[in-house]
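Worksheet: one structure, shown below.
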Amino acid sequence: MSKKKKKTGGFLSNLLLFICVVIFCTAAWKLWGFYRNYHSGQKEYEKLREYVREDQEGKKEECPVDVDFDALAKVNPDVKAWIYIKGTGINYPVVQTEDNNYYLHHTFEKRDSYIGAIFLDAFCEPEFLSENSIVYGHNLKNGEMFGMLKRYYDTEYNKKADYKKHKKIWIITPKEKIEYQIFAAREIDSENDSDVYTISFASGEEYGNYLENAREKSLYQTDTKTDVTKRMLTLSTCTSSSENGRFIVQAEEIQREAEGEE
């Protein structure tokens with residue numbers, strides 16, 4: 001083999017090695033950036049819980065948390081509520097803006113992050129007065145945000161899931177503490193089942209048909225009685241089953257208590 005061929009072969013080997021090193025370093029840098037971004041988001045939400053006081057010894061029919069909305073509003077005026085489901089780790093501020101895409105990639109403090117934020121649909125009443133208030137959150141593998149919804153409410157994903165242990169959802173706003181009770185849960189296709197995201201209904205009959213359909217298609221039947229005169233709450237998160245896959249948990253309003261009432 002000539003010296004020229006040896007030099008060429010050595011050059012190509014070194015070039016290939018250099019390219020591999022660059023690819024590895026780039027991938028490692030992106031992975032580190034993802035981890036740093038993710039970890040930063042987690043720390044942010046842990047810090048935000050300083051604005052919430054939990055009363056684990058309170059009466060069952062009373063809201064177990066108090067929220068300092070004045071302090072939260074100074075951090076982000078988009079805050080509209082706080083969501084709390086005892087024993088699940090779901091304990092977060094709820095924001096709302098005119099763009100439903102914004103908080104998919106921004107935290108409560110409006111930092112760019114894969115973790116996003118828990119947010120109320122832009123077309124819903126900010127005081128949770130819509131017939132169907134829809135709240136979104138990411139399904140993170142570590143259980144953060146709405147990552148626990150499938151673990152606690154999807155009996156196909158987790159055979160031991162028992163909604164009865166976590167059937168109560170609290171939404172706390174600056175003016176009220178709202179108690180909801182779960183009546184349905186299932187996986188849907190966001191395109192084929194887009195009617196699930198209906199916010200308001202033309203008539204009581206239409207709303208009644210919606211509630212009946214939700215109960216019929218639920219993974220399990222609950223003891224919560226639905227009523228067309230009561231508002232409902234829909235929690236929605238993505239799934240790994242398909243690009244349009246979503247897991248939803250639906251609950252009916254049980255009571256509203258004005259802040260400061262005993």
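All values derive from a computational prediction rather than experimental measurement.
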request  = Apply the test side chain to side chain donor-acceptor pair (under 3.5 Å) to residues Thr234 and Asn132: give CA-CA distance (whole Å), side-chain angles for both, the deciding distance (0.1 Å), then the verdict.
outcome  = CA-CA 7 Å; Thr234 296; Asn132 183 16; 2.9 Å; yes
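- Using a 4.5 Å heavy-atom cutoff, the side chains of Tyr197 and Ile248 are in contact.
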query = Do Phe128 and Val135 pass the side chain to side chain contact (heavy atoms under 4.5 Å, CB included) test, and can you show the C-alpha distance, the side-chain angles, and the key distance before you say yes or no?
reply = CA-CA 10 Å; Phe128 286 75; Val135 178; 3.9 Å; yes
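- Annotation: side chain of Asn76 is in contact with side chain of Val95 (closest heavy-atom distance under 4.5 Å).
- Not a single donor-acceptor pair under 3.5 Å links the side chain of Tyr92 to the backbone N or O of Phe146.
- Tyr84 and Glu54 share a donor-acceptor pair across their side chains, judged by distance under 3.5 Å alone.
- Atom CD of Glu216 has more than 12 heavy atoms from other residues, nucleotides or ligands within 6.0 Å.
- Counting all heavy atoms, side chain and backbone alike, Pro126 lies closest to Gln96 at CB-OE1, 3.3 Å.
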task = For Asp227 and Thr229, run side chain to side chain donor-acceptor pair (under 3.5 Å): C-alpha distance rounded to whole Å, both residues' side-chain angles, the deciding distance at 0.1 Å, then the answer.
result = CA-CA 5 Å; Asp227 186 337; Thr229 65; 2.8 Å; yes
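- No more than 12 heavy-atom neighbours from other residues, nucleotides or ligands sit within 6.0 angstrom of OH on Tyr157.
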ask   = Yes or no on side chain to side chain contact (heavy atoms under 4.5 Å, CB included) for Ile182 and Lys168, after CA distance, side-chain angles and deciding distance?
value = CA-CA 6 Å; Ile182 291 167; Lys168 187 177 294 187; over 6 Å; no
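- The side-chain heavy atoms of Ile115 and Tyr45, taken from C-beta on, include a pair separated by under 4.5 Å.
- Under the 30°/60° scheme for interplanar angles, the aromatic rings of Tyr163 and Tyr220 are found to lie parallel.
- Ile171 and Ile254 fall into different hydrophobic clusters, where Ile, Leu, Val, Met, Phe, Trp and Tyr are joined by side-chain heavy atoms under 4.5 Å apart, directly or via other members.
- Rounding to the nearest 0.5 angstrom, the gap separating the CD atom in Glu243 from the SG atom in Cys238 is 11.0 Å.
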task = Evaluate the side chain to side chain contact (heavy atoms under 4.5 Å, CB included) criterion for residues Ile90 and Leu149: first the C-alpha distance (whole Å), next the side-chain angles of each, then the deciding distance (0.1 Å), finally the verdict.
result = CA-CA 9 Å; Ile90 296 177; Leu149 287 183; 3.7 Å; yes
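- Of all non-hydrogen atoms in His166 and Ile85, the two that sit nearest each other are O-CG2, 4.1 Å.
- Under 3.5 Å, the side chains of Asp112 and His105 contain no donor-acceptor pair of N or O atoms.
- In the hydrophobic clustering of ILVMFWY residues, with side-chain heavy atoms under 4.5 Å counting as a link, Ile83 and Leu129 come out apart.
- Ion pair Arg231/Glu253 flagged as a salt bridge, since at least one NZ, NE, NH1 or NH2 atom sits closer than 4.0 Å to an Asp/Glu carboxylate oxygen.
- Under the 3.5 Å distance criterion, the side-chain polar atoms of Ser218 are left unmatched by any main-chain donor or acceptor of Gln221.
- The neighbour count for Glu98 CD, taken as heavy atoms of other residues, nucleotides or ligands under 6.0 Å away, does not exceed 12.
- Taking the six-membered ring for Trp and thresholds of 30 and 60 degrees, Tyr210 and Tyr207 have ring planes inclined between 30 and 60 degrees apart.
- Pairing each heavy atom of Val79 with each of Pro93, the nearest pair is CG2-CB, 4.4 Å.
- Salt-bridge annotation for Asp154 and Arg186: absent, with no side-chain N of the basic residue lying under 4.0 Å from a carboxylate O of the acidic one.
- Between the side chain of Asn213 and the main chain of Asn209, no donor-acceptor pair closer than 3.5 Å is present.
- No side-chain heavy atom of Ile178 sits under 4.5 Å from any side-chain heavy atom of Trp170.
- Panel note: side chain Thr173, backbone Glu127; no donor-acceptor pair is recorded below 3.5 Å.
- Checked for salt-bridge contact, Lys164 and Asp223 miss the test: no charged N lies under 4.0 Å from a carboxylate O.
- Among the candidates Leu233, Thr198, Ile199, Asp121, the single residue satisfying the side chain to side chain contact (heavy atoms under 4.5 Å, CB included) test with Ser130 is Ile199.
- With Asn100 contributing its side chain and Ala122 its backbone, the two residues share a donor-acceptor pair below 3.5 Å.
- Of the N and O atoms on the side chains of Glu131 and Ser200, not one donor lies less than 3.5 Å from an acceptor on the other residue.
- The two atoms that bring Gln250 and Ala214 nearest to each other are OE1-CB, 3.5 Å, heavy atoms only.
- Under the side chain to side chain contact (heavy atoms under 4.5 Å, CB included) test applied with Lys150, the options Asn158, Thr155, Asn139 reduce to a single match, Asn139.
- Between atom CD1 of residue Ile188 and atom OG of residue Ser236 there is a gap of 6.0 Å, rounded to the nearest 0.5 Å.
- Using a distance-only test at 3.5 Å, with no hydrogens or angles considered, a donor-acceptor pair links the side chain of His138 to the main chain of Leu104.
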request  = Tell me, with the steps shown, if Leu211 and Phe201 meet side chain to side chain contact (heavy atoms under 4.5 Å, CB included).
outcome  = CA-CA 11 Å; Leu211 294 172; Phe201 302 85; over 6 Å; no
request  = Before giving the answer on side chain to side chain donor-acceptor pair (under 3.5 Å), spell out for Gln181 and Glu252 the whole-Å C-alpha distance, their side-chain angles and the decisive distance to 0.1 Å.
outcome  = CA-CA 5 Å; Gln181 191 159 296; Glu252 184 163 82; over 6 Å; no
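- Atom CG of Asp68 is separated from atom CG of Leu48 by 11.5 Å, given to the nearest 0.5 angstrom.
- Side chain to side chain, Tyr152 and Asp162 fail the donor-acceptor criterion of an N or O pair below 3.5 Å.
- With contacts defined as side-chain heavy-atom distances shorter than 4.5 Å, the pair Lys225/Phe183 does not qualify.
- Taking OG1 from Thr239 and CZ from Phe247, the interatomic distance works out to 9.5 Å, rounded to the nearest 0.5 Å.
- For the atom pair CH2 (Trp82) and CG (Asn91), the distance works out to 5.5 Å, reported to the nearest 0.5 Å.
- Atoms NZ and CG, from Lys80 and Leu120 in turn, are 8.5 Å apart once rounded to the nearest 0.5 Å.
- A 4.5 Å side-chain heavy-atom check between Asp66 and Val52 finds every atom pair outside the cut-off.
- The side-chain heavy atoms of Glu187 and Glu156, taken from C-beta on, include no pair separated by under 4.5 Å.
- The two atoms that bring Thr237 and Gly137 nearest to each other are OG1-O, 2.8 Å, heavy atoms only.
- Two residues are said to be in side-chain contact when any heavy atoms from C-beta on lie closer than 4.5 Å; Val94 and Tyr103 fail this criterion.
- The six-membered or imidazole ring of Phe119 lies near that of Tyr136, with a centre-to-centre distance under 6.0 Å.
- Judged purely by atom type and a 3.5 angstrom limit, Glu44 uses its side chain to pair as donor or acceptor with the backbone of Glu109.
- Annotation for His106 and Lys110: closest pair CD2-O, 3.7 Å, computed over non-hydrogen atoms.
- One finds a salt bridge joining Arg256 and Glu176 here, because a Lys/Arg side-chain nitrogen approaches an Asp/Glu carboxylate oxygen to under 4.0 Å.
- Under the 4.0 Å criterion applied to side-chain N and carboxylate O atoms, Arg246 and Asp193 are not assigned as salt-bridge partners.
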